[in-house]
Structure formats: C-alpha cells, structure tokens
Amino acid sequence: MQEFFKDTGIRKKRLLLTAFTITMVLAAACSVPSETSHGGEKKENVSETESGYEPGEHDKPEEGGKADTGDKAEQEESLEGEAVMELCRDIYEEAAEAGTLGSLEVTEAVVNRLGGHGYTAVDWENQINMTNPETVMEFCESVDEERQAEATLLAISSSGGLTKYQCRTEDGKTTVIREDYQWKNGRCEQAGKIRYAADTWQYTKEGYLLFGGSYDSKEDYVLTLSEGWDRAALRVQPLDETCREYSRSYLLPIGYGQNNLFLTDWSEEEFGALDFYDVFDRLYPILKGRPVPYKADENLNIGAEYQIPAEEFETVAASYFAIDKEELRERTAYVPEDGTYRYRPRGFYESDYSDIPFPEVTNYTENADGTITLFVNAVYPEEYASCAFSHKTVIRPLSDGGFQYVSNEVLPSGQELDLWWHSERLTEEEWEELYLP
C-alpha cells in the first residue's frame, strides 16, 4: 500500500480510493473482527493459529490419547502475563474510579510498579524512562554475539493495556512471542497472541530498540492482501525530563500528520511553504478546546468549502505566530468583499499514510532573546528508524503562559528527505479537477 502514497498525483489517489473501497467490501463480506498491532489494544477472538502461532510437539496427540491444549510452557507464560497485571490491580481500579486511566501519571505508576518487581517495562508512547534497561542491553549483546539468551519486555499503553514480549535468541536468530492483555471490567483479559521470527532487531545510537517481523494472519490478509506485521520502537536509554515536557507541550500536539509545520523550512522573516490552513486545523482544537467545526463531506466525491470569518481564522494564527493579518491574507484565499477566508478541509485524497513518525525532543538551548531552540528527531517505527529525519524548531514562551512558533529548519542528513507518507493539500487545479463538473 505504501506505493499508492508515494505518488501524490490525482490518478494514484483515485486508484487508492478504488483499493480502499474494495478492501472495505471484502472486510464487510467476511465479517472479520478488527486487530490492532500497537499498544496492547484488544484483538477480538484471535486464535493462536490465526495469529501466527505454530503448533509444536506438545500439540500433537499422543498414541491412543487426546491432543494437548497447547504448549505447557507457553500456557504458563500466559498465566504469568495475567499475574503481572494483577501487580497493578489497585492502580487500575483507582484510576478507573477516578476516570484517570489514560493519564501519564497512571501509566508512569504502572511502569514503576512493574520495575520495582524486577520487570523491564516502558510505555508505548516513550514518555517514561524504561525500568531495568540493562536486561535489554544484555539481550542485544547476545543477539550480536549469537549467544543463546531470553528476555521479557513489557510495554504499557495508556488505555489500560499491557503487551508482553517474550524474546529468545540463538545462533543470531531471534523469536518473539507477543501477548496482549487488557484491564477491563475489573479483571485482566488476554486480548491476543502472535509469534514470529524477528526480521529486524536493532539497538540504535539514539538509544532505541527497534524490532519486528511478519506473522500469518487471515484477518490481515483479507484486509490488506498481505501478512500481519508487528513493529516496535521503544526507548531504552533515559531522556531528560525537560526534553519530554517540551515534546508534549510544543511538538506532539501538532505532530507530522496532515500539516507541514515541522516538515519545511520557514521563519518569521520568510514563512516559505508553511500551510496556514493546516496550521488552523491543528491549532484550533488546542486554542478553542473543541474540534474544528468545518468538516469534509461524507461523500468522497464532494469537496466541502466554507467561509470562515476573518476574526476567527486570524485569532488562531496570531495566537501561535508573529504574523500580521495582511501577510496572512496574502498567503491564503481571503475574500475582502465579505471579510472571510475560503476554507476547504482536507478530504480523502489529501490523507496521509496511516502510520507516520512522531517527534521527540532530544536536546534544547535556551537563547538570550528568550526563545528556546528544540532539537528534534522523527522516530518512525514503520521503517525501523529512531531518526528518520531531524529538525530544529524555535519557540517563544509568552508572559501569559502561551507561546509562539518562531521558525523550523529541517537539518541536513546527507540523504534526500523522503516524506512519502505525507500528502500536501490539493492545488486549485487538482481540487477543481476532482470536484467541479
């Protein structure tokens, strides 16, 4: 499917729509339950055979007897996974009662509780330092030296889920058994299990463990005509807490999806190719505390168009950028006759690929003029990259508690920046070709 997104032309996007429609029809016809490959989210009714588990010797019926229900050791591992979550029962119950299950504080409490019991644990969002990281480091050394070793790694999701990775390596080959658990209705439930040979196992200079592989899955094949894939990018080395705070405050709420704020070079002196419609989309919910009310049409063949009052549009931009309204109007479709901005929400043809990188601040500099320079790596699990590209973003904290974006610069890496997963907004000509009769 990546090839569809790597060409952003109208023709390819129409082909993508056709593929999307066919896939949905097949999915509906087969009534296949959904499956998620990240963060321990629940996988409904997935048998071990369907999810890639291959029966071993213990599964074969003995002579004159009945077949075992499964490998005894792996059954014990599943019970251990439930016992691991039981260690945090009080945390989950208190969070459920208080309505704070998805908070960073609760996730951190779970990670630290498991770490205190000797487990190597981290959160899926990489916002909390890994506990007992030496286990991972030692296992990676065994992989490199082709020595036999085992390690267990726990990844916690903010939704109350836990993913247990049981990793085994021998002769340079690493096998991963992944079990997903979910805390639901006061009890721990196993939500899925897969097993695969890791095609990638890498500890990077940025301090990340990257691994993953393919597994047999009837569900994934029906939906994507390919095998199921599991990919993980987990930070092993600790990160300065100030860097994490800057990521959460200035980078992650915007991210790289459906906007180019951090994907292109611009500054207050020259805004370059910065798209202020995308800026409006991303910053409106933060400023207003509610979703953007101007939605794309449910019919993919209809292009929605709105006239946004100038004050509304300009307030969002002026809250986060030092830009005067005259320049903003020149860079957009301002209609002076009625004092509005013509606005066309992104539609299907302007969608990004489903899995994209996420930004992580790794260093910062506090400047004499009161601004802060953030040095950012784009972490991309989909491509096993802990630094798909880097950029330098400058922000200006304001006395009222707000802030402004001052500039962004994509840092040179010696390779051409490939943003194949990203789609720019349609040009005027493309939009008219798609939507006008």
As a test of understanding, state which of R248, E241, R244 forms a side chain to side chain donor-acceptor pair (under 3.5 Å) with Q127. R248
If we ignore hydrogens and angles and just use 3.5 Å, is the side chain of Y405 paired with the main-chain N or O of Y250 as donor and acceptor? yes
Ignoring hydrogens and angles, tell me if any N or O in the side chain of N259 forms a donor-acceptor pair with the backbone of D278 under 3.5 Å. no
Any Q404 side-chain heavy atom under 4.5 Å of I395 side chain: no
Would you mind reporting whether K164 and V84 have side-chain heavy atoms less than 4.5 Å apart? no
Are the aromatic rings of Y380 and F358 close, with centres under 6.0 Å apart? no
Kindly determine whether S423 and E350 satisfy side chain to side chain donor-acceptor pair (under 3.5 Å), including the steps that lead there. CA-CA 6 Å; S423 292; E350 297 156 295; over 6 Å; no
Distance-only donor-acceptor check, side chains E360 and S247, under 3.5 Å: no
When you measure from the side chain of T100 to the backbone N and O of A96, does any donor-acceptor pair fall under 3.5 Å? no
Does K173 offer a backbone N or O that forms a donor-acceptor pair with the side chain of D171 under 3.5 Å? no
Quick check against the 3.5 Å criterion: does W266 have a side-chain atom that pairs as donor or acceptor with the backbone of A273? no
In sequence, state the C-alpha distance, the side-chain angles, and the governing distance for T365 and T373, and then conclude on side chain to side chain donor-acceptor pair (under 3.5 Å). CA-CA 5 Å; T365 300; T373 301; 5.6 Å; no
Over 12 non-hydrogen atoms of neighbours within 6.0 angstrom of CD in E145: yes
Between R425 and D281 (salt bridge meaning N to carboxylate O under 4.0 Å), is one present in this structure? yes
Indicate yes or no: does R282 engage D275 in a salt bridge with an N to O separation below 4.0 Å. no
Charged N to carboxylate O under 4.0 angstrom, R178 versus D230? yes
Kindly say whether T264 contributes a backbone atom to a donor-acceptor pair with the side chain of N408 at under 3.5 angstrom? yes
Can you check side chain to side chain donor-acceptor pair (under 3.5 Å) on Y349 and E430, steps first, answer last? CA-CA 10 Å; Y349 300 102; E430 290 172 333; over 6 Å; no
Evaluate ring pair (Phe, Tyr, Trp, His ring centres under 6.0 Å) for F211 paired with Y165, printing each intermediate quantity in order. CA-CA 11 Å; F211 66 92; Y165 285 106; 4.9 Å; yes
Could you go step by step and tell me if W201 and F139 meet the ring pair (Phe, Tyr, Trp, His ring centres under 6.0 Å) rule? CA-CA 11 Å; W201 187 279; F139 186 82; 5.2 Å; yes
Distance-only side-chain donor-acceptor flag, Y353 / E382, under 3.5 Å: yes
Would you check if V379 and N126 make a side-chain contact, meaning some heavy-atom pair closer than 4.5 Å? no
How about F271 and F276: are their ring centres within less than 6.0 Å of each other? yes
For F375 and Y364: C-alpha separation, side-chain torsions, deciding distance, then whether ring pair (Phe, Tyr, Trp, His ring centres under 6.0 Å) applies. CA-CA 6 Å; F375 297 90; Y364 64 93; 9.1 Å; no
Between N132 (side chain) and Y119 (backbone), is there a donor-acceptor pair under 3.5 Å? yes
Flag the pair R396 and E268 as a salt bridge only when some basic side-chain nitrogen lies within less than 4.0 angstrom of an acidic carboxylate oxygen. yes
Evaluate ring pair (Phe, Tyr, Trp, His ring centres under 6.0 Å) for Y256 paired with F389, printing each intermediate quantity in order. CA-CA 12 Å; Y256 301 124; F389 62 92; 5.3 Å; yes
Between R168 and E170, does any NZ, NE, NH1 or NH2 come within less than 4.0 Å of an OD or OE carboxylate oxygen? no
Donor + acceptor pair across side chains of E82, Q190 (<3.5 Å): no
V136 side chain reached by T120 side chain, heavy atoms, under 4.5 Å: yes
Side chain of D123, backbone of I128: donor and acceptor closer than 3.5 Å? yes
Measure from the side-chain N and O atoms of R147 to the backbone N and O of T169, and report whether any donor-acceptor pair falls under 3.5 Å. no
Hey, does the Lys NZ or Arg CZ of R231 hover above the aromatic six-ring of W229, less than 6.0 Å from the centre and inside 45° of the axis? yes
Can you check side chain to side chain donor-acceptor pair (under 3.5 Å) on W421 and E383, steps first, answer last? CA-CA 11 Å; W421 42 269; E383 292 196 342; over 6 Å; no
Go through the steps for E189 and K184 under the test salt bridge (charged side-chain N to carboxylate O under 4.0 Å, His left out), then give the verdict. CA-CA 7 Å; E189 299 178 359; K184 186 176 181 180; 5.1 Å; no
Under 3.5 Å, side chain of T131 to main-chain N/O of A121, donor-acceptor pair present? yes
